[in-house]
**Q** 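Quick one: the structure is below, questions incoming.
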Amino acid sequence: MNPAVSAVTDRIIERSRPTRQAYLSLIERERDGWIGRPRLGCANLAHAYAGTPEDREAMTTRHEAMNIGLVTAYNDMLSAHAVYYRYPEQMKIWAREVGATAQVAGGVPAMCDGVTQGYAGMELSLFSRDTIALSTAVALSHGTFEGAALLGICDKIVPGLLMGALRFGHLPMILIPGGPMPSGLPNKAKAAVRERFAEGQATRDELLDAEIQAYHTQGTCTFYGTANTNQMMMEVMGLHMPGAAFVNPGTKLRQELTRAAVHRLAAIGVHGDDYRPLGVCVDEKAIINAAVGLLATGGSTNHLLHLPAIARAAGIVIDWEDFDRLSAAVPTVARVYPNGSADVNAFEAAGGMPFVIHELIGAGYLHRDLKTVAGADLSAYGERPVIEGERLAWQPVPASGDETILRPADRPFAPDGGMRILQGNIGRACIKVSAVERDRWVVEAPARVFADQLEVLAAFRDGELERDVVVVVRFQGPRANGMPELHKLTPPLGVLQNRGFKVALVTDGRMSGASGKVPCAIHCSPEALPGLNGVGGAIGLIRDGDLVRVDAEAGTLTALVDAAEWKARTPAAAPPPASGMGRELFGLFRGLADEAEKGASAILAGAGL
C-alpha cells in the first residue's frame, strides 16, 4: 500500500476502535438473536405473506431459503429512479430462479436536487438523507428478510439507504444501480447557455430547450456530480456487482447485472457457506477506498458530508483531516465534467471504474483485501462486465481508451486529489480545486456578505458585484436552514470570473457536485447560527468590505481584520426560521444536526453515534 494511504487507514482504525467494536458487537447480537421468520408468530407471518400469494408456499415451507427485502427509491419524477418501475417484479422472478423469494419491504423518498435547486424545497434536501435512513430502518424492521437489495442512485438516496441499512448490518445487502442516461447536449454547451442566460443574452425558451436536450430521458444525469460519485463509491467499496455503476438503462447488460445481483444475494446469506453481512463488508478499508476513489476521480464535495455519516453508522470515524492527507497523496486519474469535458458515458467507454480500480489497486492506493459482495476481493472490480452470447461475463480491462479522460496512476492528470482543508480565523472549510485554474487558487478581495442566495442573484443583476469580490453567503448551515446547495450561484459567479475579476465564494452551506471553475470555500464550520452552546461560527463576524483571503495553496481561510477588532465584533443576527414548503416540519432535524465534518446528521447525533 501507498505509505500515506496506509497511515491514514491505521489512523482511522485506531480512532474508531471503541465505536467499531461496539458496532460489530451489535450486529453479532442481532445475527444471533434476530427475530427472523422461524421465530415469528403465525399471525405475524400470515400478515407478512398475505400480499404475495404466488410465493406464500415457498415462504411458508422454506425458511432456510432467503427472503429478500427490496427497499426501493422508485419514482418517475427523478429520471435516475424512474428506471426502477419494473425492477421489483423482475427481481422476484430472478429470486425464484435460485430458490429464493423477494418482497418490496418499503419505499423511501427520493427528491431530485435538480428540480429543487435554488428554491425553498432544497432546504429539505440534506435532511431527506436522514429521512431515507429512517425509512430504510422501518422497511427492514419486520424481521421477515434474510437479506436486502437497496434500489437507489442519486444524491442523498444512496447515503441514506446505507445509513439505515448499516443498523441492520448482520444482513447481506447489495446496492442495485440503474445507470446513466445516454448522452444528450454536452455539459459544457449546457453550462455556456446558462451563463448566457445569466448575462441576459439567452431567452428562457433557449435555456429550457438546452436543459431538456441535456436531461432528456431516464437515467442519472451525465455529469460527474453527487449521483454518479455515489456509484463510483459503491464500486470501490465492493457493494455492487462488479462494473455495474455506469451501464445504461434498458440494455441487456444492465438487466443481467441486476439478475446476477439477485442470484448473488441469495448465495451470501447466514444459512450458506459464504455469509457476507453488510456491516462486515463496510469496514475501515472500504471507507478509505471510498475516499480515495472520490479524490482520484474528482468526485462531488457532498461526500465530505455523506461519507463521514455513512462511516458513523458503521462505527467508523473519518474526518476532513483524513481527506486532506489522502488528497495530498492520491493522484487524479480521471477528468469527467465538470473537471473535464467528458461525461460519464465517455468515461465508461474509455475504461470507466474497472480501469480506475485496476490502476489504483496496482499502484497501492486502494485496499484490495475487502470482503466484497461479489465473493472475491476488490480485484474482481477491475474487470469489465460484458455479454458473451447470452451470458454475463467479465473481461480484463485494456489500456485507457482515451487518455484525455483516463490515465494510468503513474502518469496522472495531477499528482494529488484536488481537495483541500482551509483553516483560519473564519473557521474550517473545504475547497475542491481539481476544476479550478491554478492562478485562481488564491483570491484576496473585499467581502460582500449575504444571508440568502437570492440576494446574491439580485446584487449580480444590479451590477453590484462588478469587481474583485469574495461573496460570503452565511446562515446556510444544517442548523440554520438545512444546508441547501447553492448551485444556482455558479452561473453568475462564473460570468464575473469570465469578465476577468477575482471571485470566490465562502459559505457555511453546500455547493453542488456539478460546480466547477469558481473557487468555493464550502461547509464552513462552525456555521453562523449558534449551536447548543449558544456560540455561532466566525463567519458571522464578517462585514461588507472586509478583506478576505481564500488560499488553497497555503490551506488558509482568513479575514484580514485586526485581531482585537475581530474579537470585539458582535455576530450578525440570524434571519427568522423559514416556513412553508414543509420546512417547519424539519425543525427537529435542524435543532439536532451536528457539524458538517461529522456528517451534519440529526439522527446520528440523536442516537449518540
**Q** Residues two or more places apart in sequence or in another chain: which of them pass side chain to side chain donor-acceptor pair (under 3.5 Å) with Glu348?
**A** none

**Q** Checking the side chain of Asp274 only, and the main-chain atoms of Ile268 only, is there a donor and an acceptor separated by less than 3.5 Å?
**A** no

**Q** Can you tell me how far apart CZ (Arg167) and CG (Leu26) are? Round to the nearest 0.5 Å.
**A** 5.5 Å

**Q** Please list, one pair per line, the donor and acceptor atoms closer than 3.5 Å that link side chains of residues 381-393 to other protein atoms, with sequence neighbours excluded.
**A**
unit_1 : atom_1 : unit_2 : atom_2 : d
Tyr381 : OH     : Gly238 : O      : 3.2
Tyr381 : OH     : His240 : O      : 2.5
Glu388 : OE2    : Gln395 : NE2    : 3.1

**Q** Asp155: which residues meet the side chain to side chain donor-acceptor pair (under 3.5 Å) condition with it, sequence neighbours left out?
**A** none

**Q** With rounding to the nearest 0.5 Å, note down the distance linking CG in Leu265 to CD1 in Ile174.
**A** 4.5 Å

**Q** What distance separates Arg56 CZ from Glu54 CD, expressed to the nearest 0.5 Å?
**A** 9.0 Å

**Q** Let me know which of Leu166, Leu171, Val373, Ile27 forms a side-chain contact (heavy atoms from CB on, under 4.5 Å) with Leu278.
**A** Leu166

**Q** For Glu97 and His263, does a side-chain donor sit closer than 3.5 Å to a side-chain acceptor?
**A** yes

**Q** Give me each pair satisfying ring pair (Phe, Tyr, Trp, His ring centres under 6.0 Å) with a member in residues 577-609, each pair once, sequence neighbours excluded.
**A** Phe127-Phe589, Phe586-Phe589

**Q** For residues 75-107, pull every pair meeting ring pair (Phe, Tyr, Trp, His ring centres under 6.0 Å), keeping only residues two or more places apart or in separate chains.
**A** Tyr74-Tyr85, His81-Tyr84, Tyr84-Tyr87

**Q** Establish, from distance only, whether the side-chain atoms of Arg254 and Asn248 form a donor-acceptor pair under 3.5 Å.
**A** no

**Q** Tell me, which pairs form a side-chain hydrogen bond (donor to acceptor under 3.5 Å, both in side chains) where one or both residues lie in residues 586-598, sequence neighbours left out?
**A** Arg312-Asp594, Arg428-Glu597

**Q** Testing the basics here: between Ala48 and Gln103, what is the closest heavy-atom pair and its distance to 0.1 Å?
**A** O-NE2, 2.9 Å

**Q** Of all residues at least two apart in sequence or in a different chain, which pass the ring pair (Phe, Tyr, Trp, His ring centres under 6.0 Å) check with His367?
**A** none

**Q** With sequence neighbours left out, write down each residue that passes side chain to side chain donor-acceptor pair (under 3.5 Å) with Thr258, or none if nothing qualifies.
**A** none

**Q** How would you list all residue pairs meeting side-chain hydrogen bond (donor to acceptor under 3.5 Å, both in side chains) that involve residues 277-289, not counting sequence neighbours?
**A** Lys285-Asp369

**Q** Rounded to the nearest 0.5 Å, what's the gap from CG on Asp113 to NZ on Lys156? Could you check?
**A** 3.0 Å

**Q** Specify the closest pair of heavy atoms between Glu146 and Pro172, including all atoms of both residues, with the distance to one decimal.
**A** O-CD, 3.2 Å

**Q** Any side-chain hydrogen bond (donor to acceptor under 3.5 Å, both in side chains) pairs touching residues 11-22, not counting sequence neighbours?
**A** Arg11-Asp322, Glu14-Arg17, Arg15-Asp322, Gln21-Ser25

**Q** Any chance the side chains of Thr226 and Ser300 put a donor and an acceptor closer than 3.5 Å?
**A** yes

**Q** Do Asp55 and Thr101 meet the criterion of a side-chain donor-acceptor pair at a distance under 3.5 Å?
**A** no

**Q** Strictly distance-based, threshold 3.5 Å: is any side-chain N or O of Asp377 a donor or acceptor partner for the main-chain N or O of Thr372?
**A** no

**Q** If you measure from CG on Asn228 to OG1 on Thr297, what distance do you get to the nearest 0.5 Å?
**A** 10.5 Å

**Q** When rounded to the nearest 0.5 angstrom, what distance separates CD1 in Ile288 from CD1 in Ile13?
**A** 8.5 Å

**Q** Asp343: which residues meet the salt bridge (charged side-chain N to carboxylate O under 4.0 Å, His left out) condition with it, sequence neighbours left out?
**A** none

**Q** Output a table of donor-acceptor pairs, distance under 3.5 Å, between side-chain atoms of residues 134-141 and any protein atom two or more places apart or on a different chain; print 'none' if there are none.
**A**
unit_1 : atom_1 : unit_2 : atom_2 : d
Ser135 : OG     : Thr131 : O      : 2.8
Thr136 : OG1    : Ile132 : O      : 2.8
Ser141 : OG     : Val138 : O      : 2.7

